[in-house]
Amino acid sequence: MRVLHVSDVHVTVSLADMPWREMFNKRLLGALNYKLRRRRQFARAAHKLEQLAQFAQREGVELVICTGDYTALGTEPEFAAARAAVEGLASAKFGYMTVPGNHDVYIRELDYRRFERHFASFLQGDALPGAAVDGPWPVARLIGDELAVIAVNSARPNPQVWRSSGRIPERQLEGLAQLLASPEIASRFVFVVTHYAPRRPDGTPDHWTHGLENADAFLEACKGMRRGAILHGHIHHRFRLAQAIGPEIFGAGSSTCERREGLWLFDVTRDSLSATAGRFVDGAYHL
Ligand SMILES: [Fe+2]
Ligand SMILES: [Fe+2]
């Protein structure tokens with residue numbers, strides 16, 4: 001089974017196209033940051049997603065996993081652009097699985113389930129009846145005969161401008177532990193997928209203003225995994241981290257950020273995982 005892991009694609013739309021009535025809050029500062037810095041880094045994001053779809057086709061990718069941060073400010077036009085931009089990737093044989101990032105639930109607002117509305121077709125689990133205990137989460141799917149993927153949502157709105165931390169709700173962690181213990185899933189190789197990194201590249205927890213608040217509880221729940229790996233985004237540098245106890249951790253970085261585009265290509269069997277890093281060179285993605 002060949003699986004492509006991408007993340008933090010941050011599809012850009014012109015500030016002029018963003019709805020100004022949604023801007024009188026944390027988004028004003030976010031919009032300034034976006035204009036000054038991010039827009040340049042992610043100006044070619046939609047184009048690169050087309051390139052990623054071509055790369056996936058060339059490499060025979062059968063499932064695509066994206067670990068969130070589709071937008072900068074979580075507005076309606078950004079979601080519409082991002083959803084259209086991943087259409088090519090979603091045509092893989094076993095489709096596309098995903099989670100939201102913190103940028104996709106930017107502030108608490110009436111329509112804070114915007115991500116789940118736009119990406120609803122990618123949030124259908126099929127592994128076990130009753131697996132979803134918190135809206136669609138966890139989303140658990142059995143892929144072919146040898147792989148299972150469980151996606152948990154670690155993104156939540158952060159009203160403060162200085163904070164971009166996340167948390168996986170306890171009931172999702174309980175659901176995750178139960179899924180990992182079920183015979184249907186335990187007999188397979190398992191990817192556990194979320195936006196936030198449980199550890200930084202040097203193995204330490206991320207800062208409390210930026211990281212996963214309950215990273216230790218998440219890693220504890222994942223210890224029940226016999227063969228598997230954790231896939232995440234949020235930190236815009238690709239890395240892999242082996243743990244003394246527990247599954248290996250893979251961060252895809254940002255797959256579209258200028259000059260540091262990251263991705264992982266996995267070849268998975270029931271008992272083994274082989275990971276190859278990818279990069280963007282001369283206008284195309286390569287291994
Ligand atoms: Fe990001
Ligand atoms: Fe993020």
Side-chain angles (χ1 to χ4, degrees), residues 5-13 26-27 29-46 48-49 52 64-75 78-79 81-83 85-86 89 97-108 112 114-116 118-119 137 151-169 192-201 205-215 218 230-239 241 249-264 280:
H5 174 202
V6 299
S7 197
D8 293 69
V9 296
H10 289 290
V11 172
T12 59
V13 304
K26 180 183 171 182
R27 283 202 181 102
L29 271 176
L32 198 66
N33 176 35
Y34 174 76
K35 194 163 176 58
L36 294 177
R37 195 166 60 93
R38 282 188 171 259
R39 187 153 167 73
R40 237 178 303 125
Q41 288 177 332
F42 296 102
R44 295 195 290 163
K48 285 180 185 171
L49 281 162
L52 272 172
V64 178
I65 295 173
C66 177
T67 42
D69 271 0
Y70 285 90
T71 67
L73 304 173
T75 62
E78 291 172 281
F79 273 114
R83 179 63 184 80
V86 301
L89 282 174
M97 291 186 72
T98 194
V99 289
N102 50 307
H103 284 264
D104 306 326
V105 287
Y106 205 66
I107 56 167
R108 184 161 294 286
Y112 73 101
R114 204 172 259 167
F115 171 87
E116 289 168 13
H118 279 274
F119 289 81
W137 313 104
V152 290
N153 179 12
S154 52
R156 48 105 197 261
N158 280 292
Q160 304 90 337
V161 289
W162 43 266
R163 206 163 88 173
S164 56
S165 59
R167 184 175 187 89
I168 302 171
V192 173
V193 174
T194 201
H195 179 62
Y196 281 87
R199 289 291 184 261
R200 296 194 304 179
D206 202 352
H207 194 262
W208 70 277
T209 59
H210 184 261
L212 180 62
E213 275 179 6
N214 54 350
F218 174 51
I230 295 172
L231 311 185
H232 69 80
H234 192 55
I235 296 175
H236 287 185
H237 290 280
R238 183 194 61 231
F239 67 95
L241 180 70
I249 299 170
F250 290 88
S254 165
S255 303
T256 58
C257 185
E258 288 294 320
R259 289 190 293 279
R260 61 166 103 146
E261 297 88 351
L263 61 82
W264 287 107
F280 186 75

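Both counts, for ligands and for their atoms, begin at 1 and track the order of listing.
Counting only protein atoms, the N, O or S atoms lying less than 2.8 Å from the Fe ion (ligand 1) are Asp8 OD2, His10 NE2, Asp69 OD2, His236 NE2, ordered by chain and residue number.
Put simply, the side chain of Asp206 never gets that close to the backbone of Arg200: no donor and acceptor are under 3.5 Å apart.
By the side chain to side chain contact (heavy atoms under 4.5 Å, CB included) test, Ser165 is found to be paired with Arg156, Asn158, Arg163, Glu213, residues two or more places apart in sequence or in another chain being considered.
Remark: the Thr98 side chain and the Tyr70 side chain contain an N/O donor-acceptor pair separated by less than 3.5 Å. Side-chain contact annotation: His10 with Thr256, donor-acceptor N/O pair under 3.5 Å absent.
The Fe ion (ligand 2) is closest to atom NE2 of His195 (considering only N, O or S atoms).
Residue His237 holds its NE2 atom at 8.0 Å from SG of Cys257, rounded to the nearest 0.5 Å.
Checking each of Phe239, Trp264, Phe218 against His232 for a ring-ring contact (aromatic ring centres under 6.0 Å, His included) leaves exactly one that passes, namely Phe239.
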